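We count residues from 1, following the sequence as given. Because only heavy atoms are used, hydrogens play no part in the values below, and waters and symmetry mates are left out as well, while side chains stay in. Model, not experiment: these values are computed from the prediction.
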Amino acid sequence: MDEPKFTKRQILESEKYEAYRDTLSMALSDSETYTAEAVEEAIAKALSHEVVEEVNA
């Protein structure tokens, strides 16, 4: 059985991913659909990037 797929808009409007809306708005494409597993992977990948802070660069 195939997992349900959701559009970026559906995901961003979901209460489940409310805390990650900004992250997902940058990580997901408007033209693709995603499974819940793919969304979780996108969140994990986005949050695993090293933060580089430049002050007065």
Side-chain angles (χ1 to χ4, degrees):
M1 188 167 150
D2 290 333
E3 284 190 66
K5 292 189 175 185
F6 304 95
T7 65
K8 179 179 176 178
R9 181 175 179 181
Q10 289 173 311
I11 294 163
L12 295 179
E13 291 176 353
S14 167
E15 287 182 27
K16 180 177 180 177
Y17 298 113
E18 183 177 7
Y20 300 103
R21 282 186 182 147
D22 290 339
T23 301
L24 290 170
S25 69
M26 300 301 294
L28 303 180
S29 170
D30 291 328
S31 61
E32 293 187 38
T33 56
Y34 301 90
T35 62
E37 182 179 347
V39 174
E40 295 294 334
E41 289 173 5
I43 292 169
K45 183 178 178 183
L47 296 180
S48 70
H49 287 283
E50 182 180 342
V51 176
V52 178
E53 182 178 356
E54 292 186 29
V55 179
N56 297 325

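- Not counting sequence neighbours, Glu15 has no partner by the side chain to side chain contact (heavy atoms under 4.5 Å, CB included) test.
- Under the salt bridge (Lys or Arg N to Asp or Glu O under 4.0 Å) criterion, Glu40 pairs with no residue, sequence neighbours left out.
- Listed by chain and residue number, nothing satisfies the side chain to side chain contact (heavy atoms under 4.5 Å, CB included) test with Ser48 (two or more places apart in sequence, or in another chain).
- Taking Ala36 as the reference, Tyr17 meet the side chain to side chain contact (heavy atoms under 4.5 Å, CB included) condition, with sequence neighbours excluded.
- Residue pairs meeting the salt bridge (Lys or Arg N to Asp or Glu O under 4.0 Å) criterion with at least one member in residues 41-53: none, sequence neighbours excluded.
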Please set out all donor-acceptor pairs under 3.5 angstrom arising from side-chain atoms of residues 4-13, sequence neighbours excluded.
unit_1	atom_1	unit_2	atom_2	d
Thr7	OG1	Gln10	N	3.1
Thr7	OG1	Gln10	OE1	3.4
Lys8	NZ	Ser25	O	2.8
Lys8	NZ	Leu28	O	3.2
Lys8	NZ	Asp30	OD1	3.3
Arg9	NE	Glu13	OE2	3.1
Gln10	OE1	Thr7	N	2.8

